[in-house]
Number of protein chains: 2
Amino acid sequence: MLGVRPRRCPPLSVPAPAPAGDPASIPDGHPGRKPTIVREDLIAAALRLIGPHRSVSTLSLREVAREAGIAPNSFYRQFHDMDELAVALIDLAGESLRRIVGDARKRAVSGRSIVRGSLETFMERLRADDKLLHVLLREGTVGSDAFKRAVDRQLRFFEDELRADLVRIAAAQGLAFHEPALVARAITRLVFAIGGTALDSPPERDEALVDELAQMIRMLLRGAYALSADHKPARAP
Amino acid sequence: MLGVRPRRCPPLSVPAPAPAGDPASIPDGHPGRKPTIVREDLIAAALRLIGPHRSVSTLSLREVAREAGIAPNSFYRQFHDMDELAVALIDLAGESLRRIVGDARKRAVSGRSIVRGSLETFMERLRADDKLLHVLLREGTVGSDAFKRAVDRQLRFFEDELRADLVRIAAAQGLAFHEPALVARAITRLVFAIGGTALDSPPERDEALVDELAQMIRMLLRGAYALSADHKPARAP
């Protein structure tokens with residue numbers, strides 16, 4: 001009925017070009033193509049090692065190198081330290097998820113509810129054993145400062161896009177909106193907080209969870225419109 | 001202006017009587033008083049070891065025993081394993097925080113806003129270097145299943161109390177409330193999610209954060225009242 005289709009999508013893939021600031025930083029004396037591949041290999045190795053009971057912040061450099069099949073020293077050709085790898089992983093996770101949710105939102109403009117469309121896409125990704133998304137959901141509150149800042153930065157990108165959407169949709173209906181940035185922030189943090197708990201509940205709960213989140217978001221939106229009307233009683237249509 | 005007074009309160013103390021299911025489970029042959037003290041000692045030792053970059057789930061039994069000054073084998077007189085210690089810690093954290101926020105809410109009934117009163121108390125505790133609260137905020141998404149369930153259980157206790165409060169306050173004003181359990185859940189999860197990020201921002205941000213949260217909560221409450229009015233247009237006063 002809700003159309004949450006677990007495991008329909010393939011997991012987010014680690015794309016071939018490295019996320020940011022990469023090839024230039026590779027020390028000299030190494031052949032042309034190999035380093036870029038190895039960087040992705042290290043990210044993929046880290047992803048294989050983490051899971052519901054294993055946080056990125058507990059991985060050792062030695063472990064990741066072993067999993068990737070390289071000597072620990074070769075690790076430094078790609079990343080300064082484990083922190084840099086963890087941040088690259090977070091950035092990658094945020095970018096992929098924003099792209100996917102953005103696509104869902106675009107599709108939803110014609111017809112289906114944007115809120116539900118985005119929430120359902122989010123849950124689909126979650127159930128597609130998408131470890132990149134799991135990293136983003138689970139690990140914002142543990143780990144190094146650099147790591148937490150990276151998660152927070154990704155959440156803020158989401159918030160910014162959502163805020164722009166809210167303002168645009170309200171304007172199209174001739175409505176004003178009380179504190180759209182705050183509403184976007186509340187929605188993003190709720191979806192991530194409650195989405196994070198979905199990882200530990202059975203998939204049968206997903207439909208109820210999407211329902212709950214959709215209702216919470218409706219309350220927030222409705223409240224924001226009502227408060228906006230309070231503040232500007234003589235608003236132009 | 002807002003009255004957020006960081007570091008005014010003493011940290012939550014680990015109380016003398018053990019949280020739950022304790023003394024009876026101690027194996028025979030040990031003197032009367034000592035075991036209870038040692039259980040609290042182990043919890044205190046674990047609290048000393050964890051911090052912003054060190055999660056409870058990464059502590060080893062050996063480490064905690066060493067910090068408490070006992071042999072690893074003596075650990076088992078108090079807890080089956082590290083998981084049981086972590087769950088005891090979570091339960092303790094939840095109980096203490098509920099007591100403190102509950103007191104703040106009672107005080108707030110006469111005069112000050114209940115929402116602000118509770119939020120300010122929450123932030124005060126956070127800044128009082130209250131490691132028990134930090135555990136609750138940071139660690140709900142990593143760690144063992146037993147551990148996550150314990151955090152979730154504590155959050156649900158909060159939600160239940162908040163829901164009862166919302167219903168009571170609305171009834172006193174002759175109002176109905178759309179889905180009070182959902183509103184309570186949204187508020188609790190938002191405060192914990194955004195409160196968790198406060199741990200990593202400077203205390204100067206606290207006032208703005210309390211403001212943000214208070215506004216988000218206002219939107220939710222306002223939206224819930226508005227939706228309730230939609231659903232029951234012929235409500236009795």
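Per chain, numbering begins at 1; letters A, B, ... match sequence-line order.
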Note to self: Under 4.5 Å from any heavy atom of chain B, what part of A/Arg185 do you find: side chain, backbone, both or neither?
What the structure shows: both

Margin query: Please check if the number of heavy atoms outside A/Arg98 that lie under 6.0 Å from its CZ is greater than 12.
Written below: yes

Check: Around atom CZ of A/Arg48, are there more than 12 heavy atoms of other residues, nucleotides or ligands at under 6.0 Å?
Finding: yes

Margin query: I'd like to know which of A/Ile194, A/Thr58, A/Leu221 tops the heavy-atom pair count under 4.5 Å against chain B.
Written below: A/Ile194

Notebook entry, point to check: How many angstroms lie between CG in B/Leu182 and CG in A/Leu213, if you round to the nearest 0.5 Å?
Noted result: 9.0 Å

Notebook entry, point to check: Of the listed residues (B/Glu179, B/Arg189, B/Met216), which shares the most heavy-atom pairs with chain A below a 4.5 Å separation?
Noted result: B/Met216

Next item on the list: Check whether any side-chain heavy atom of A/Gln215 sits under 4.5 Å from a side-chain heavy atom of B/His178, and report yes or no.
Entry: yes

